[in-house]
Every structure is written in C-alpha cells, then in structure tokens.
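Throughout, residue positions are numbered sequentially from 1 according to the sequence presented. Every number for a ligand or one of its atoms is a count from 1 in the order of the listing. Keep in mind that what you see is a predicted model, and the values were worked out from it rather than measured.
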Amino acid sequence: MTSMTLEQEIKGRALSLGFDAVGITDASPIADDDIARLNAWLRAGRAGQMGYMHRNVEKRIDPATLLKGAQSVIVVALNYKPDGSAGTEQRPQQTGAVAQYAWHDDYHDFMKPLLFELADFIGKRIDRRHRFKVCVDSAPLAERALAVRAGLGAVGTNHMLIHPTLGPQVFLGELVTTAALEPDGPCRWTAQCATCGRCVRACPTGALQANGEFDARRCISYLTIEHQGEIPLELATKMGDRVFGCDACVLACPYQHDAPVCTYARLRPCPNNMRLDTEEMLRLTAESFGSRFAGSPIRRAGLATLQRNVRICMANAHDRLAT
Ligand code: B12
C-alpha cells in the first residue's frame with residue numbers, strides 16, 4: 001500500500017477547503033527576468049499613484065524577506081468565473097458596470113481564513129514551531145510569478161495568470177512557510193498569446209500593448225479603483241459605463257471562454273453589486289457607503305472615487321444618447 005506524501009496531503013487539504021488548484025514552489029527570489037520587468041515597470045512610473053508598489057520591493061522579490069526563514073510557498077487558485085446566466089439581464093440605462101471579481105463577497109475576507117486553516121493543518125501534521133504568512137493580494141509578494149513557478153499556469157499578454165483549464169478568472173493566494181516542502185516544477189504549458197491579440201484589441205484605453213507592456217495609468221481598473229482625483233478626459237470617455245474595475249482584457253481571453261464556472265459557495269454574485277444604480281450611488285453618504293458595501297471589494301474605491309466614476313458613467317451615457 002502506498003502512503004501519501006506530505007505534499008499530497010497538503011494539496012488534498014487545500015482542494016477540500018474549496019480551492020480549485022494548488023502548487024508548491026520554494027521560497028527563493030523570483031526569476032531575474034521578472035525582477036527586471038517589475039523594476040522597469042516601477043521606474044517608468046507605470047504604477048501611477050499606487051505608492052505601495054514602490055514600497056517593500058525587496059519583499060515582493062524575495063519571499064524569504066517577507067517571512068524570515070521561509071523555505072516554501074504554497075500557491076492556491078480559486079476560480080471566480082460567474083455562471084453564464086449571471087449579469088445577462090437587461091442593463092438599465094442608469095446603472096454602471098462592476099468588474100466580475102467584485103460581484104460577490106470580498107475574496108480577501110474568505111480566502112485568508114481558508115489559508116489559516118491550511119496552515120493549522122500543516123502545523124499539526126509536521127511541527128507546530130513552523131511559521132506561516134498568509135498572503136492574498138495585499139501582501140508585497142509577486143503572486144503571478146510565484147504561481148507560474150508553482151506550476152499553476154502561465155502569464156498571458158493580458159498579464160493574467162492563466163490556468164490551463166480554469167483560465168484567467170482565478171484569484172491567487174499563498175501560504176509562505178518555514179516548512180521545507182518538495183516543490184512542483186514550473187508550469188511547462190504556455191498560453192498561445194502570440195497569435196491571438198484579442199486582449200490587446202479589447203483594452204479600451206491601450207493600457208495593454210501587443211509587446212506585453214502594461215501601463216496601469218491607462219488601465220480602467222486602476223483608474224476606477226486606485227486613482228484619486230480627476231481622470232484625464234481622453235481616458236474618461238473610454239471608461240464607458242464602468243464604475244468599478246474592468247474585465248475587458250480578461251473576458252476577451254479565449255481561455256476564459258472555455259473555462260468552467262466557479263463552484264465555490266461564497267462566490268455567489270450579489271445582484272445589487274453587479275451593476276450599481278447611479279442615482280443611488282450619488283445619494284450615498286460616508287456612513288451609508290460603509291454599510292452599503294460592507295464585505296464587498298467595492299469598499300476599496302471609497303465614496304469620492306466611486307461617485308466620480310458614476311458621474312463619468314452618466315456623462316458617457318449622455319454623450320451616447322446625444323449622438
Ligand atoms: C497592483 C495590482 C493591480 C493593478 C496593476 C495591475 C498589473 N498588471 O500590475 C491594477 C489596479 C490595475 C490591477 C488590476 C487588476 N487586477 Co490586480 N493586482 C495587483 C497586485 C497587488 C500587484 C501586481 C503587480 O505586482 N504588478 C506589477 C507588474 C509588473 O506585475 P505583473 O503584471 O503581475 O507581472 C509580473 C509577472 O506576471 C511577470 N510577467 C509579466 N509579464 C510577463 C510576461 C511573460 C511572458 C512572463 C513569462 C512573465 C511576465 O513579471 C512581473 C513581475 O513579477 C496583485 C497581487 C499581488 N500581490 O501580486 C493583484 C492581482 C494581480 N490582481 C488581480 C486581479 C483579479 C485584477 C483584475 C482582473 C481586477 C479587475 N477585473 O479589475 C485587474 C486585471 C488587470 C490586469 N490585466 O493586470 C489578481 C490576478 C489573478 C490572476 N489570475 O492573474 C491578483 C493576483 C490578486 C489576487 N490575489 O488574485 N491590479
């Protein structure tokens with residue numbers, strides 16, 4: 001009788017917790033190419049107002065700087081592709097579009113406890129003295145580069161980590177640990193981006209270039225969530241009805257079309273947050289904004305930014321009606 005390896009047990013546990021894919025890599029720094037890409041991107045100012053991207057760069061490059069003594073990184077992916085029937089109902093004029101990752105509960109809020117559970121499982125299974133750092137999005141960690149190295153997929157021209165069967169609509173999370181685990185090999189599968197170009201053509205603002213360059217300052221996701229203050233008119237007119245995030249480059253990806261829909265129960269779309277009523281948004285106060293978007297990723301934008309986006313959406317609708 002063959003017994004399971006520790007790594008197989010960990011992966012089995014991660015899948016039973018609800019993650020769709022899991023891989024293991026060592027905690028060495030990301031590849032020189034990735035470091036060069038990150039540094040060039042930062043130097044060119046392409047992070048815009050995201051000052052946090054300029055801080056803790058050494059941690060983003062080297063997981064062992066983020067957690068002293070780290071030996072391994074367990075990377076998980078959670079499919080968030082909504083059911084095809086979600087969001088297909090008539091789009092009333094006075095509403096703005098929300099990116100699909102924000103249609104349901106905030107992924108940070110439920111992925112972290114699942115990763116803590118996984119850490120607890122590993123601690124009990126091997127040695128309670130091992131340390132763990134749970135990361136989902138906000139920690140300075142190069143999540144996509146590590147996911148490739150853990151065998152989960154490849155980075156596409158749209159900059160998304162594309163899983164060979166789950167596609168690009170997956171959230172990533174990591175457990176950085178001092179436990180030494182047998183790493184998986186890096187992903188050998190490559191996305192067929194070179195002959196496609198759909199994401200580049202779909203990007204309304206030219207934030208994505210055919211050569212793989214990406215300028216967050218032109219990305220509608222950045223503009224509607226992270227950018228404070230005025231949005232240049234040239235870009236605002238291209239936002240269309242988007243008021244929070246953008247899915248253009250993700251939904252254009254052929255790997256997204258072929259992917260299965262998500263099965264995780266917490267990822268049931270909240271009908272009120274798939275499109276936002278513009279009049280309701282303009283009536284919100286600081287207090288009512290907090291309760292209206294409690295537990296939703298939309299909180300991240302803050303009231304002033306969301307209302308700015310809604311005004312742009314209304315102006316864009318008006319211009320369209322006028323022509
Ligand atoms: C800052 C940030 C943003 C910024 C900037 C996006 C960007 N492309 O950098 C903004 C606000 C615009 C944004 C938008 C979105 N984001 Co965001 N974001 C991040 C964050 C916090 C850091 C990303 C980063 O390091 N950027 C710096 C650039 C240089 O890195 P990069 O694009 O990831 O590229 C690295 C590697 O992929 C590699 N690489 C780059 N190009 C290539 C090309 C080749 C051929 C190869 C081999 C490697 C390679 O080198 C780079 C350096 O390591 C991560 C979480 C994290 N901690 O990593 C989430 C994260 C990337 N975001 C995520 C999501 C879901 C989104 C949106 C889809 C949300 C939406 N619908 O609006 C969009 C997608 C926009 C896009 N096409 O990238 C997910 C992506 C999951 C996935 N499957 O890839 C992440 C991982 C969060 C998570 N935990 O799930 N995001």
Side-chain angles (χ1 to χ4, degrees), residues 20-21 29-44 46-54 56-57 59-61 63 66 75-81 97-103 106-108 111-112 115 135-149 152-163 166-174 186-187 190-191 193-194 199-200 202-203 205 207-209 211-227 242-253 255-256 259 297-298 300-301:
D20 293 287
I30 57 172
D32 289 346
D33 280 0
D34 286 332
I35 298 175
R37 273 193 205 98
L38 175 63
N39 283 331
W41 187 76
L42 291 171
R43 265 199 313 274
R46 292 182 163 177
Q49 294 177 358
M50 295 182 289
Y52 58 87
M53 289 302 298
H54 288 271
N56 298 310
V57 176
K59 291 186 180 155
R60 203 171 284 278
I61 285 172
L66 185 66
V75 187
V76 295
L78 185 72
N79 179 8
Y80 73 91
K81 179 179 169 176
V98 173
Q100 295 184 351
Y101 89 96
W103 283 7
D106 193 333
Y107 67 102
H108 304 84
M111 280 179 73
K112 282 183 182 174
L115 285 166
C135 305
V136 178
D137 184 50
S138 51
L141 194 68
E143 296 193 287
R144 287 160 164 165
L146 289 169
V148 173
R149 213 170 71 188
L152 289 193
V155 172
T157 299
N158 58 5
H159 277 230
M160 297 301 286
L161 183 281
I162 303 175
H163 182 280
L166 301 170
Q169 279 192 309
V170 291
F171 295 127
L172 299 176
E174 300 75 24
C187 183
T190 50
C193 294
C199 58
V200 174
C203 176
T205 55
L208 270 179
Q209 300 287 313
N211 63 4
E213 303 237 325
F214 170 81
D215 192 341
R217 293 168 300 183
R218 298 188 68 80
C219 172
I220 293 173
S221 180
Y222 163 80
L223 290 167
T224 54
I225 302 171
E226 301 288 327
H227 179 84
R242 296 176 184 86
V243 294
F244 186 86
C246 177
D247 286 321
C249 67
V250 178
L251 296 184
C253 179
Y255 294 106
Q256 194 275 344
I298 300 172
R300 168 86 186 158

task = Please say whether S138 places an N or O atom under 3.5 Å from an N or O atom belonging to ligand 1.
result = no

task = Starting from the C-alpha separation in whole Å, work towards a yes-or-no answer on side-chain contact (heavy atoms from CB on, under 4.5 Å) for K112 and S138.
result = CA-CA 11 Å; K112 282 183 182 174; S138 51; 3.8 Å; yes

request  = Please write down residue, atom name and distance for the protein heavy atom closest to atom 20 (C) of ligand 1.
outcome  = D137 OD1, 4.0 Å

message = Between ligand 1 and L172, is the shortest N or O to N or O distance under 3.5 Å?
response = yes

request  = Out of F171, Y107, W41, F244, indicate the one that has the non-hydrogen atom closest to atom 9 (O) of ligand 1.
outcome  = W41

task = May I ask you to check whether V136 has an N/O atom sitting below 3.5 Å from an N/O atom of ligand 1?
result = no

task = Counting heavy atoms only, name the option from R217, H159, R37 that's nearest to atom 51 (C) of ligand 1.
result = R37

key: N or O pair under 3.5 Å between L161 and ligand 1   = yes

query = N/O to N/O below 3.5 Å, does that happen between E143 and ligand 1?
reply = yes

task = First locate atom SG of C249, then atom CD of Q256, and finally report the distance between them rounded to the nearest 0.5 Å.
result = 11.0 Å

inquiry  = If I apply the N/O under 3.5 Å rule, does D34 come out as touching ligand 1?
reply    = yes

ask   = Is V170 close to ligand 1, meaning an N/O of one under 3.5 Å from an N/O of the other?
value = yes

ask   = Do any N/O atoms on C246 end up under 3.5 angstrom from N/O atoms on ligand 1?
value = yes

remark   = Near Y101 (heavy-atom distance under 4.0 Å), the atoms of ligand 1 are 69 (C), 70 (C), 71 (N), 72 (O)

message = Using side-chain contact (heavy atoms from CB on, under 4.5 Å), reason through Y107 and D137 one step at a time and then give a plain yes or no.
response = CA-CA 9 Å; Y107 67 102; D137 184 50; 3.4 Å; yes

inquiry  = Using side-chain heavy atoms (C-beta onward) and a distance below 4.5 Å, is M160 in contact with Y255?
reply    = no

message = If you measure every N or O of A145 against every N or O of ligand 1, does any of those distances drop under 3.5 Å?
response = no

N or O pair under 3.5 Å between D247 and ligand 1 = yes

ask   = Counting only heavy atoms, which portion of N158 has something under 4.0 Å from ligand 1: side chain, backbone, both, or neither?
value = backbone

key: H163 side chain near D20 side chain, heavy-atom distance below 4.5 Å   = no

query = Between Q100 and ligand 1, which residue portion shows a heavy-atom distance shorter than 4.0 Å: side chain, backbone, both, or neither?
reply = neither

